[in-house]
K.L.:
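The structure is given below, and queries will be raised subsequently.
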Amino acid sequence: MEETRHTVPKRLLLMLIMFLLVATNISSVSATKNSYALGSRYDVASYEIAEAEKVCNHIVYRSGQMGFTSYDWYGSASTESNILLAASGNDANNAIVFYIGHGADDSYLIFDDNGAYVWYDEVYAVTGAQRTKFVFLWSCYQAEVKDRMPKGWLHTTSVSDDGYHNPDYGGLTFIGFKGSAPFISLKIGDRDKAGAKFINVTYDVLAVGTDSYVNEALNIASINVWGVVWDKSPLYEVYGMWVYGDGSLSVYGLSG
């Protein structure tokens with residue numbers, strides 16, 4: 001009887017340890033959220049590359065604070081295959097993506113670091129699971145046609161046409177430019193390196209907490225750089241920066 005009293009607890013303890021190990025393994029594999037900072041250096045001036053590298057580093061830092069597994073793929077790692085992998089979310093529960101580089105008119109494509117085309121329909125082909133919830137493309141014309149790049153990244157056109165003034169609360173957000181995207185290293189309005197400052201402050205605000213929303217981040221970043229809310233800023237009025245979908249999204253609040 002003495003042996004039995006000790007044997008049963010040991011077996012229970014072993015079973016508990018095995019359960020905890022399995023549960024821990026499940027958590028580490030399935031409970032994830034990923035952040036990707038992408039950027040193509042193709043046909044980009046050296047001074048712009050330097051600022052883009054800094055911005056991507058900052059995004060990785062801030063998204064790490066928000067609990068994302070963060071990938072800095074600016075430059076040589078921004079291959080066509082990696083851009084599509086980021087678009088898919090790479091099996092994360094939720095993902096966010098930032099890209100900076102050249103894009104073609106009518107929202108057809110962006111470029112990888114070697115100058116290869118990444119077409120909107122290629123992106124659409126890998127986003128069926130809709131793991132990527134927040135997409136910010138600092139690239140010319142990517143918001144010009146809703147059923148191309150916005151549809152490709154979000155895998156739907158059933159999102160608000162104006163996620164800033166009329167958010168749809170659907171949990172999917174696309175930010176891009178209907179016009180040409182300005183270099184982040186140059187003066188916009190009366191501020192030097194205004195684009196870089198705007199992006200950095202946007203992610204600073206997103207990282208404050210679960211009560212920080214995309215539209216709020218855009219407003220605060222714009223006020224910080226130009227002293228006006230976002231839809232009064234040069235980005236909106238001159239360059240046509242646009243939000244599709246859910247401007248009320250809390251990026252910090254996305255689950256892992």
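For the numbers below, each heavy atom of this structure counts, side chains included, while hydrogens, waters and symmetry mates do not.
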K.L.:
Give the intermediate values and the outcome of side-chain contact (heavy atoms from CB on, under 4.5 Å) for residues D162 and W242.
P.N.:
CA-CA 7 Å; D162 187 346; W242 202 257; 3.9 Å; yes
K.L.:
To the nearest 0.5 Å, what is the distance between CZ on F183 and CD1 on I49?
P.N.:
9.0 Å
K.L.:
List the atom pairs, donor and acceptor, that lie under 3.5 Å between side-chain atoms in residues 249-256 and the rest of the protein, sequence neighbours left out.
P.N.:
from, atom 1, to, atom 2, distance (Å)
S250, OG, T210, O, 2.8
S250, OG, G253, N, 3.0
S255, OG, N94, ND2, 3.1

K.L.:
Taking the inter-plane angle between the rings of Y108 and W119 on a 0 to 90° scale, is it parallel (under 30°), tilted (30 to 60°) or perpendicular (over 60°)?
P.N.:
perpendicular
K.L.:
Ignoring hydrogens and angles, tell me if any N or O in the side chain of R148 forms a donor-acceptor pair with the backbone of D106 under 3.5 Å.
P.N.:
yes
K.L.:
Checking S40 against Y99 for the side-chain contact (heavy atoms from CB on, under 4.5 Å) test, could you report, in this order, the C-alpha distance in whole Å, the side-chain angles of both residues, the deciding distance, and whether it holds?
P.N.:
CA-CA 8 Å; S40 170; Y99 167 88; 3.6 Å; yes
K.L.:
With K232, which residues qualify under salt bridge (charged side-chain N to carboxylate O under 4.0 Å, His left out), at least two apart?
P.N.:
none
K.L.:
So do R41 and S76 actually touch side chain to side chain, heavy atoms under 4.5 Å?
P.N.:
yes
K.L.:
Examine K151 relative to Y124 and say whether NZ or CZ is less than 6.0 Å from the centre of the six-membered ring and inside a 45° cone about the ring axis.
P.N.:
yes
K.L.:
Going by the rule side-chain hydrogen bond (donor to acceptor under 3.5 Å, both in side chains), which residues pair with E122 if we only count those two or more places apart in sequence or in a different chain?
P.N.:
none
K.L.:
Indicate whether the side chain of E144 and that of S107 have a donor and an acceptor atom separated by less than 3.5 Å.
P.N.:
no
K.L.:
Tell me if a side-chain donor or acceptor on T127 pairs with a main-chain N or O of G152 at a distance below 3.5 Å.
P.N.:
yes
K.L.:
Rounded at 0.5 Å granularity, tell me how far CG in D147 sits from OG1 in T156.
P.N.:
11.0 Å
K.L.:
Checking the side chain of Q142 only, and the main-chain atoms of P150 only, is there a donor and an acceptor separated by less than 3.5 Å?
P.N.:
no
K.L.:
Any link between I199 and Y74 through a network of hydrophobic side chains (Ile, Leu, Val, Met, Phe, Trp, Tyr) touching at under 4.5 Å?
P.N.:
yes
K.L.:
Can you pull out every salt bridge (Lys or Arg N to Asp or Glu O under 4.0 Å) where at least one residue sits in residues 68-90? Sequence neighbours excluded, please.
P.N.:
none
K.L.:
If you compare all heavy atoms of S248 against all heavy atoms of P167, which two are closest, and at what distance to 0.1 Å?
P.N.:
N-CB, 3.9 Å
K.L.:
Hey, what's the ring geometry for Y164 with Y236, parallel, tilted or perpendicular (30° and 60° as the breaks)?
P.N.:
tilted
K.L.:
Out of curiosity, does V60 fall in the hydrophobic cluster containing F98 (side-chain heavy atoms, cut-off under 4.5 Å, transitive links)?
P.N.:
no
K.L.:
Mind checking what makes side-chain hydrogen bond (donor to acceptor under 3.5 Å, both in side chains) contact with S212, not counting sequence neighbours?
P.N.:
none
K.L.:
Working to the nearest 0.5 angstrom, can you tell me the gap between K133 NZ and K33 NZ?
P.N.:
12.5 Å
K.L.:
Nearest 0.5 Å, what's the OG1-CH2 distance between T79 and W73?
P.N.:
7.5 Å
K.L.:
Give, for atom NE2 of H102 and atom CG of D43, the distance between the pair rounded to the nearest 0.5 Å.
P.N.:
4.5 Å
K.L.:
Apply side-chain contact (heavy atoms from CB on, under 4.5 Å) to residues D105 and C140 and explain how you reach the verdict.
P.N.:
CA-CA 7 Å; D105 203 352; C140 296; over 6 Å; no
K.L.:
Using side-chain contact (heavy atoms from CB on, under 4.5 Å), reason through S160 and H165 one step at a time and then give a plain yes or no.
P.N.:
CA-CA 9 Å; S160 172; H165 296 103; over 6 Å; no
K.L.:
For F68, is there any backbone N or O sitting under 3.5 Å from a side-chain donor or acceptor partner on S63?
P.N.:
no
K.L.:
With the 4.5 Å side-chain cut-off for hydrophobic clustering, are F134 and V159 part of the same group?
P.N.:
yes
K.L.:
Which atom pair, heavy atoms only, marks the closest approach of S35 to I59?
P.N.:
OG-CG2, 4.5 Å
K.L.:
Using salt bridge (charged side-chain N to carboxylate O under 4.0 Å, His left out) as the criterion, list what pairs up with R131, not counting sequence neighbours.
P.N.:
D91
K.L.:
Does the side chain of L38 come within less than 4.5 Å of I100's, by heavy atoms?
P.N.:
no
K.L.:
So, S78 side chain and D113 main chain: donor-acceptor pair closer than 3.5 Å or not?
P.N.:
no
K.L.:
Examine L85 and W153 and state if one hydrophobic cluster contains both, with Ile, Leu, Val, Met, Phe, Trp and Tyr joined whenever side-chain heavy atoms are less than 4.5 Å apart.
P.N.:
yes
K.L.:
Taking only residues two or more places apart in sequence, or in another chain, which ones meet D161 in a salt bridge (charged side-chain N to carboxylate O under 4.0 Å, His left out)?
P.N.:
K146
K.L.:
So do Y120 and V145 actually touch side chain to side chain, heavy atoms under 4.5 Å?
P.N.:
no
K.L.:
Rounded to the nearest 0.5 Å, what's the gap from CE on M149 to CG on L154? Could you check?
P.N.:
12.0 Å
K.L.:
What residues form a side-chain hydrogen bond (donor to acceptor under 3.5 Å, both in side chains) with Y117, not counting sequence neighbours?
P.N.:
none
K.L.:
Show the nearest heavy-atom pair for residues V243 and W230, with the distance to one decimal.
P.N.:
CG2-CH2, 3.8 Å
K.L.:
Of all heavy-atom pairs between V97 and T132, which one has the smallest distance, and what is that distance?
P.N.:
CG2-CG2, 4.0 Å
K.L.:
Apply side-chain hydrogen bond (donor to acceptor under 3.5 Å, both in side chains) to H58 and list each qualifying residue two or more places apart in sequence or on a separate chain.
P.N.:
D204
K.L.:
Does T202 use its side chain to pair, donor to acceptor, with the backbone of F198 at less than 3.5 Å?
P.N.:
yes
K.L.:
Got a sec, which residues hit salt bridge (charged side-chain N to carboxylate O under 4.0 Å, His left out) with E216, two or more places apart in sequence or on another chain?
P.N.:
none
K.L.:
Under 3.5 Å, side-chain donor or acceptor atoms of residues 186-196 against the rest of the protein: list the pairs with distances, not counting sequence neighbours.
P.N.:
from, atom 1, to, atom 2, distance (Å)
R191, NH1, N224, O, 3.3
R191, NH1, V225, O, 2.7
K193, NZ, E51, OE2, 3.1

K.L.:
Could you see if L206 belongs to whatever hydrophobic cluster contains Y61? Use Ile, Leu, Val, Met, Phe, Trp, Tyr and a side-chain cutoff under 4.5 Å.
P.N.:
no
K.L.:
Indicate the atoms forming the closest heavy-atom contact of L235 with P182, along with that distance.
P.N.:
CD2-CG, 4.1 Å
K.L.:
Between side-chain atoms of residues 169-181 and protein atoms elsewhere (two or more places apart, or another chain), which donor-acceptor pairs fall under 3.5 Å?
P.N.:
from, atom 1, to, atom 2, distance (Å)
T173, OG1, D246, O, 2.6

K.L.:
State, to 0.1 Å, how close Y47 and S185 come at their nearest heavy-atom pair, and which atoms those are.
P.N.:
CD1-OG, 3.3 Å
